[in-house]
Number of protein chains: 2
Amino acid sequence: MKRNTWQRNAVREALDGTDRFVSAQSLHSTLRAKGSSIGLATVYRALADLAIEGEADSLQSDQGESLYRACTRGQHHHHLICRNCGRAVEIEATEVEAWAHRVAAENGFVAPSHVVDVFGVCGECASDGSAPSLE
Amino acid sequence: MKRNTWQRNAVREALDGTDRFVSAQSLHSTLRAKGSSIGLATVYRALADLAIEGEADSLQSDQGESLYRACTRGQHHHHLICRNCGRAVEIEATEVEAWAHRVAAENGFVAPSHVVDVFGVCGECASDGSAPSLE
DNA sequence: AAGTTATTGATAACGAATCTCATTACCAGC
DNA sequence: GCTGGTAATGAGATTCGTTATCAATAACTT
Ligand SMILES: [Mn+2]
Ligand SMILES: [Mn+2]
Ligand SMILES: [Zn+2]
Ligand SMILES: [Zn+2]
């Protein structure tokens with residue numbers, strides 16, 4: 001049976017406290033910096049559990065690192081993510097869902113799923129100059 | 001100046017010979033199995049170069065492995081990929097491009113880009129029973 | 001042909017993620 | 001409240017994809 005530990009609560013609260021996608025490692029060091037003694041393996045386990053339970057969304061960064069964000073929405077959705085700070089907005093994509101199904105069917109593929117993420121530089125990062133210029 | 005080596009050609013030809021997404025490691029062992037003496041690091045470098053030059057497309061597998069496929073199209077496109085065998089079809093997504101731009105603009109994000117991949121089980125995998133049942 | 005230098009490849013190094021396992025502590029049952 | 005069973009923890013080891021190192025090689029220029 002699943003037990004309630006302060007470690008899992010700490011991870012959940014840390015996730016709930018931000019609208020950004022964060023890695024297990026950065027979340028761990030954030031918690032440590034605040035005085036927590038939580039272990040890195042525990043953070044990995046808690047995030048994986050939260051993702052399974054639907055309390056967290058996850059995606060892979062360009063460098064292949066898994067990033068997590070609190071999920072505030074029950075139904076299927078996607079994200080608009082700031083490349084600079086990780087801030088993310090949950091977005092609907094009704095027309096994209098339909099498109100994905102149609103494309104799969106047209107090519108004889110069954111059991112379709114899809115990965116759809118939109119990236120950009122958020123308003124705050126664009127105005128404060130913290131975003132690296134793209135060229 | 002860029003030099004022409006049989007190693008780079010071997011990687012390019014191996015990629016051109018299939019319509020599947022493959023990893024650097026599997027491509028390396030395929031070449032080795034055919035008698036080539038090419039090194040693993042060279043395969044990694046060749047694939048990275050091909051991706052930069054636009055001759056290969058790349059994506060990350062669920063397990064964070066980088067996969068590559070020959071790119072046969074000049075303009076921007078996406079892929080429909082078989083979860084079982086890696087076979088992929090290049091697809092247009094005009095309406096998705098427009099949607100991505102609109103979503104970014106509506107939320108004050110600039111310099112938008114996007115990751116859009118559709119997965120499924122291809123017709124051959126679905127009929128020959130090689131695809132693992134999903135539950 | 002000779003010289004320059006980009007490329008190669010065996011190996012070491014790196015890093016994210018997972019595994020091991022002895023220890024801890026949650027909690028159901030009394 | 002105790003207590004026993006056992007899920008959870010965490011330090012460290014391990015795995016595995018990828019990149020860095022660097023001496024040797026080979027592609028191109030002249
Ligand atoms: Mn969707
Ligand atoms: Mn597109
Ligand atoms: Zn931002
Ligand atoms: Zn297939």
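Lettering follows sequence order; numbering is per chain, from 1.
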Arg8(A) side chain near dT9(D) phosphate (N/O to OP1/OP2, under 4.0 Å): yes
Euclidean distance, atom CG of residue Leu27(A) to atom P of dA17(C) [Å, nearest integer]: 12 Å
Whole-Å distance separating the CH2 atom of Trp6(B) from the P atom of dT25(D): 15 Å
Salt-bridge present (Asp49(A), Arg8(A); N to O < 4.0 Å): yes
Integer-rounded Å distance: dT7(C) P and Leu50(B) CG: 13 Å
Side-chain N or O of Tyr44(B) closer than 4.0 Å to phosphate OP1/OP2 of dT19(D): no
Linked, directly or transitively: Val89(A) and Phe21(A) (ILVMFWY side chains, under 4.5 Å): no
side-chain N/O Ser66(A) vs dA16(C) OP1/OP2, d < 4.0 Å: no
Gap between atoms CD and C1', on Gln60(A) and dA17(C) respectively (whole Å): 11 Å
Closest-nucleotide ordering on DNA chain D, the 5'-leading residue of Gln7(B) and Gln25(B): Gln25(B)
His28(A) NE2 to dA16(C) C1', straight-line distance once rounded to whole Å: 14 Å
Sugar-phosphate only, base, or nothing, as touched by Ser23(A) at under 4.0 Å among non-hydrogen atoms: nothing
5' precedence on DNA chain C between Ile38(B) and Leu67(A) (nearest-nucleotide basis): Ile38(B)
Met1(B) vs Gly64(B), nearer the 5' end of DNA chain D by closest nucleotide: Gly64(B)
Side-chain N or O of Thr42(B) closer than 4.0 Å to phosphate OP1/OP2 of dT7(C): no
Gap between atoms NZ and C1', on Lys2(A) and dT9(D) respectively (whole Å): 15 Å
His114(B)-His78(B) aromatic ring centre distance below 6.0 Å: yes
Whole-Å distance separating the CG atom of Leu47(A) from the P atom of dT9(D): 12 Å
Pair Arg69(B) + Glu55(B), salt bridge at N-O below 4.0 Å: no
Distance (rounded to the nearest 0.5 Å) between His28(A) NE2 and Thr30(A) OG1: 10.0 Å
Whole-Å gap separating C1' (dT19(D)) and CG (Asp49(B)): 14 Å
Arg3(B) vs dT5(C): side-chain N/O to OP1/OP2 distance below 4.0 Å: no
